[in-house]
Amino acid sequence: MRDLQLTQVAGTRRSPPAMVYTDDVMEDVRLLDSCESRDDHNDDSHAIVIGEDGFKRIQVRVTGMTCAACSNSVESALKSVHGVFRASVALLQNKADVVFDPALVKDDDIKNAIEDAGFEAEILSEPGILKTNPDGTLLGQFTIGGMTCAACVNSVEGILRSLPGVKRAVVALATSLGEVEYDPIVISKDDIVNAIEDAGFDASLVQSNQQDKILLGVAGIFSEKDVQLLEGILVMLDGVRQFHYNQLSSELEVLFDPEVVGSRSLVDGVERGSNGKFKLHAINPYSRMTSKDVEEISVMFRLFISSLFLSIPIFFMRVICPHIPLLYSLLLWRCGPFLMGDWLKWALVSVVQFVIGKRFYVAAGRALRNGSTNMDVLVALGTSASYFYSVCALLYGAVTGFWPPTYFETSSMLITFVLLGKYLECLAKGKTSDAIKKLVQLAPATALLVVKDKGGKCIAVKGDRFITYSTCHVNESMVTGESAPVLKEGSSPVVGGTINLHGALHIQATKVGSDAVLSQIISLVETAQMSKAPIQKFADYVASIFVPTVVGLALVTLFSWYISGISGAYPKEWLPENGNYFVFSLMFSISVMVIACPCALGLATPTAVMVATGVGANHGVLIKGGDALERAQKIKYVILDKTGTLTQGQATVTDVKVFTGMGRGEFLRWVASAEASSEHPLAKAIVEYARHFHFFDEPPATNDGQTPSKGSTISGWLLDVSDFLAHPGSGVKCFIDGKRILIGNRKLMTESGIAIPDQVENFVVELEESAKTGVLVAFDDNIIGILGIADPLKREASVVIEGLMKMGVKPVMVTGDNWRTARAVAKEVGIQDVRAEVMPAGKADVVHSFQRDGSIVAMVGDGINDSPALAAADVGMAIGAGTDIAIEAADYVLMRNSLEDVITAIDLSRKTFARIRLNYVFAMAYNVIAIPIAAGMFFPSLGIMLPPWVAGACMALSSVSVVCSSLLLRRYRKPRLTTILEITVE
């Protein structure tokens with residue numbers, strides 16, 4: 001099986017053991033129950049009740065928040081309740097965390113306070129283990145067609161949130177996607193689709209978090225009998241609950257019980273039941289979305305071409321034909337009450353106006369029906385005014401004999417240019433979602449299933465895996481951004497999505513489907529693209545008042561020019577041939593309506609956020625939301641954990657000092673025997689050092705990919721241990737051959753009544769000043785030796801720290817290690833501000849101390865024992881997370897274990913929001929300049945007058961320009977440290 005696509009799973013860090021030393025190991029203490037956990041995907045975290053100082057803490061689900069102002073309102077309402085000690089509201093998670101005095105406040109008082117503020121509240125009373133959707137809600141993604149601007153988004157969101165059973169709804173204009181959390185007992189996905197369609201939009205379900213649904217493509221169906229055969233086969237299959245076959249798309253949707261039948265068995269059952277006539281293949285829902293995007297572009301292109309084909313003859317008759325006598329004489333031939341040219345224009349424009357332009361009337365109608373306005377209202381008003389005026393002018397001429405000018409070409413050309421703009425906009429918006437499309441394409445379509453003959457396991461299903469045997473090099477750049485091939489050997493973890501450069505592999509699947517890393521990355525990127533950055537609330541507000549304001553300005557323009565004309569404020573020579581003051585004024589008014597563009601404002605933020613999250617994913621930087629992206633550009637302090645962040649996280653024994661006559665080999669054997677019962681990283685380092693000292697190498701993996709048990713590994717050279725006891729923050733105690741062994745820090749020795757001689761203390765100080773950790777070993781209440789353990793710094797650490805300072809960001813190191821070691825490491829990397837001997841829960845307090853003056857603080861950690869600080873920070877960055885991309889506490893997940901990505905994350909955020917500001921400046925400047933020109937303010941002095949069709953072209957191109965501006969972010973390149981540090985390379 002050559003060229004099988006794989007990906008490395010970056011090494012994940014194991015859960016902390018019970019044993020803790022004086023160094024950074026202090027960070028491995030069990031996290032306190034009161035620590036918060038932020039989750040950007042599931043807002044169903046449990047409520048936590050604590051009895052600290054008589055206070056009670058609960059979490060409340062808050063429904064109806066749409067922006068930062070909403071969360072601030074909820075927070076203020078909660079803090080105003082007498083007895084509430086602390087309240088914080090998370091907008092993305094739709095949750096409020098409240099600490100209060102139960103003697104003064106009841107749970108219902110908290111709920112009522114939120115509801116009085118205008119939001120829905122639900123106490124999350126499920127204690128204990130985190131559960132996914134404890135209330136039975138489902139999260140569904142729906143494609144929504146027909147949205148044109150932010151006003152449409154607001155309208156759809158309002159409709160969805162008003163539905164019974166819908167807990168939360170978020171709609172994204174740039175992706176044409178809606179994410180709805182709903183109770184399937186109260187409302188079905190079909191009800192949601194129908195509600196969206198009743199509002200005048202197109203809708204269909206993309207996918208939900210149900211695990212028992214599969215979408216299949218079916219080949220081999222050519223008649224109604226084939227359909228009946230397929231249905232008969234499905235009815236007979238055990239475990240199939242529901243199914244629906246779409247003959248137009250040849251797609252089969254099956255709802256099944258995964259406890260009864262698996263997806264592979266379902267496919268095999270259908271193919272076997274049809275005697276091989278039907279061939280089924282799984283359809284990726286994201287690929288389905290891509291095809292819908294292509295279909296939308298195709299429809300828009302057909303509309304544009306049709307409108308252009310009909311508009312060219314109208315333009316030809318108006319501009320070219322008067323200069324060709326023969327053709328012009330035919331157009332002047334009278335046919336009934338009108339000229340032949342008028343009949344042709346009227347017929348052609350009617351098709352453009354009401355057939356091709358029907359979509360504008362439909363969209364405008366649904367917007368007005370829902371009490372909102374959008375760009376379609378402006379287009380419908382402008383083109384209708386031009387069309388119906390021209391019709392009235394023809395009828396007036398037929399009755400009176402006075403023929404005023406008609407402007408049919410204005411209506412047709414206006415619709416043509418708007419459709420051109422929409423087509424170009426669809427093309428450009430499609431480019432912004434390239435990140436998801438590329439991720440989808442990474443997944444291999446098929447894998448060769450290997451079944452062992454006698455009771456063996458099935459190996460190699462698409463998903464996350466590890467290699468059972470063989471060796472290869474893997475190109476994992478498409479997931480981590482690291483271009484260098486990585487060596488993979490037996491038991492090496494890999495992930496479906498990258499490429500095996502050579503060799504044949506047998507791999508064992510460990511995660512499949514939505515649990516696989518690639519699926520989680522896609523979900524994470526898509527969730528980030530759907531989220532709204534706080535800066536977007538400005539565009540949402542402007543969109544809500546934009547169209548009424550423009551219609552008002554158009555009316556003011558109409559009456560101003562008309563009243564000025566009939567009062568003689570300007571000469572009649574300005575009027576068009578056979579024109580009058582009303583027609584002259586009407587053209588200015590139509591130009592004002594069609595030149596104004598709310599779409600440019602609505603697209604300024606989401607398109608840039610979409611491109612930025614995609615670019616970040618390509619560079620191994622996963623961003624969980626637009627709000628995190630916005631906060632990162634304002635970072636003032638970056639707090640870095642020491643172990644695993646500044647250092648490599650691979651502890652090694654560097655020094656061994658024995659103070660008695662015991663031989664080094666025997667000393668290491670006693671120490672390793674005691675530490676073998678611990679899973680702590682330092683314990684593993686000690687055992688590994690002792691094993692190598694005794695020439696015991698790590699055993700190879702077995703053929704089935706499993707590593708031999710610990711017992712078989714250590715038996716034969718380690719001593720028997722009894723009464724093993726770990727002391728968090730200190731070390732371990734145990735008995736070997738009836739003698740007490742203590743291994744740990746000064747605190748353990750002092751508490752055990754063991755004196756520390758001066759020579760031992762001096763050696764420990766010497767180790768700590770060399771950025772090493774000293775581990776004391778006591779035998780029968782006497783210290784007999786010391787081990788020095790070091791964790792090497794990452795090679796890029798000092799350069800990155802200097803780069804952060806050059807960018808105006810102050811680095812701070814926080815660690816559970818002792819002060820001497822911490823200062824030595826900080827001095828080596830160039831960090832001035834150090835916080836040492838900090839427990840995991842205390843790291844959050846360090847973050848809060850920097851936040852007091854309003855500064856934006858980022859925390860960079862390995863995502864395990866740093867989660868309290870990651871949650872407390874304004875921007876949490878989990879570094880080297882590898883496959884653990886769903887770290888709840890982090891806002892950024894840095895796939896590579898490299899500090900350089902911290903600079904990339906901050907730099908990308910800054911460049912993204914510089915682009916967003918530029919988009920807003922352009923969108924605002926366009927409207928501020930274009931509307932006065934269209935209104936004719938410069939006509940008296942400069943003679944500048946924009947015909948309506950030119951105004952329509954300007955409007956169409958303005959939104960395209962904003963999207964293209966955002967697309968320039970695709971050219972983003974990671975900053976070079978030599979450039980940041982102003983280093984000249986000869």
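Residues take their numbers from the sequence shown, with the count starting at 1.
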Asker: My understanding is that only residues two or more places apart in sequence, or in another chain, count here; which of them pass side chain to side chain donor-acceptor pair (under 3.5 Å) with Lys911?
Answerer: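 Scan of Lys911 (side chain to side chain donor-acceptor pair (under 3.5 Å), adjacent residues dropped) gives Asp907.
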Asker: Please examine the side chains of Met805 and Pro811, heavy atoms only from C-beta on, and report whether any two atoms are closer than 4.5 Å.
Answerer: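 Yes, close enough: below the 4.5 Å cut-off.
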Asker: Partners of Glu761 by salt bridge (charged side-chain N to carboxylate O under 4.0 Å, His left out), sequence neighbours excluded?
Answerer: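 Expected list: Arg746.
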Asker: Can you name the residues that form a ring pair (Phe, Tyr, Trp, His ring centres under 6.0 Å) with Phe763, not counting sequence neighbours?
Answerer: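 Not a single residue meets the ring pair (Phe, Tyr, Trp, His ring centres under 6.0 Å) criterion with Phe763.
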Asker: In chain order, what residues pass the side chain to side chain donor-acceptor pair (under 3.5 Å) check against Arg823, with sequence neighbours excluded?
Answerer: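 Side chain to side chain donor-acceptor pair (under 3.5 Å) check on Arg823 returns nothing, list empty.
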Asker: Listed by chain and number, what are the side chain to side chain contact (heavy atoms under 4.5 Å, CB included) partners of Ala826, not counting sequence neighbours?
Answerer: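 In terms of side chain to side chain contact (heavy atoms under 4.5 Å, CB included), with neighbours along the sequence ignored, Ala826 is linked to Met813, Ile831, Val834.
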Asker: Could you grab the distance from atom CG of Leu748 to atom CG of Leu776, nearest 0.5 Å is fine?
Answerer: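 Rounded to the nearest 0.5 Å, the CG-CG separation comes out at 8.5 Å.
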Asker: Sequence neighbours left out, what passes salt bridge (charged side-chain N to carboxylate O under 4.0 Å, His left out) with Lys636? Give chain and number order.
Answerer: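 By the salt bridge (charged side-chain N to carboxylate O under 4.0 Å, His left out) rule, Lys636 matches no residue at all.
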Asker: Checking Tyr972 now: which residues fulfil ring pair (Phe, Tyr, Trp, His ring centres under 6.0 Å) with it, not counting sequence neighbours?
Answerer: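 Here the qualifying residues are His619.
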Asker: Applying side chain to side chain contact (heavy atoms under 4.5 Å, CB included) to Ser798 and Leu793, what does each step give before you reach the verdict?
Answerer: CA-CA 9 Å; Ser798 59; Leu793 285 170; over 6 Å; no
Asker: Which residues pass the salt bridge (charged side-chain N to carboxylate O under 4.0 Å, His left out) test with Arg835, not counting sequence neighbours?
Answerer: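 Result, salt bridge (charged side-chain N to carboxylate O under 4.0 Å, His left out) vs Arg835: Asp833.
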Asker: To the nearest 0.5 angstrom, please state how far the CG atom of Asp891 sits from the CD1 atom of Ile623.
Answerer: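 One gets 10.5 Å once the value is rounded to the nearest 0.5 Å.
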Asker: If I take atom CD1 from residue Ile789 and atom OG1 from residue Thr821, how far apart are they, to the nearest 0.5 angstrom?
Answerer: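 It is 11.0 Å, given to the nearest 0.5 Å.
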Asker: Does Lys634 pair with Asp874 as a salt bridge, N-O distance under 4.0 Å?
Answerer: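 No.
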Asker: When Lys974 is tested against each of Asp901, Ile903, Leu908, Val621 for side-chain contact (heavy atoms from CB on, under 4.5 Å), which residue passes?
Answerer: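 The option that passes is Asp901.
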Asker: With sequence neighbours excluded, what pairs up with Arg915 under the salt bridge (charged side-chain N to carboxylate O under 4.0 Å, His left out) test?
Answerer: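 For Arg915 there are no salt bridge (charged side-chain N to carboxylate O under 4.0 Å, His left out) partners, ignoring immediate neighbours.
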Asker: With sequence neighbours left out, what residues match Tyr637 under ring pair (Phe, Tyr, Trp, His ring centres under 6.0 Å)?
Answerer: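 Partners of Tyr637 by the ring pair (Phe, Tyr, Trp, His ring centres under 6.0 Å) criterion, ordered by chain and then number, come out as Phe850.
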Asker: Under a 3.5 Å distance rule, please check whether Gln851 uses its side chain to pair with a backbone N or O of Ala872 as donor and acceptor.
Answerer: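 Yes, the answer is positive, given that a donor and an acceptor are paired below the 3.5 Å cut-off.
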Asker: Run the side chain to side chain donor-acceptor pair (under 3.5 Å) test against Ser855 and tell me which residues pass, sequence neighbours left out.
Answerer: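 With neighbours one apart ignored, the set is Asp853.
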Asker: Are the side chains of Val829 and Leu640 in contact, using a 4.5 Å heavy-atom criterion?
Answerer: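 Not touching, per the 4.5 Å side-chain cut-off.
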Asker: Sort out for me which residue in Val638, Val814, Val846, Val875 forms a side-chain contact (heavy atoms from CB on, under 4.5 Å) with Met859.
Answerer: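 Result: among Val638, Val814, Val846, Val875, Val814 is the only option passing the side-chain contact (heavy atoms from CB on, under 4.5 Å) with Met859.
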Asker: List the residues meeting side chain to side chain donor-acceptor pair (under 3.5 Å) with Lys810, not counting sequence neighbours, and say none if there are none.
Answerer: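 Per chain and number, Lys810 pairs via side chain to side chain donor-acceptor pair (under 3.5 Å) with no residue.
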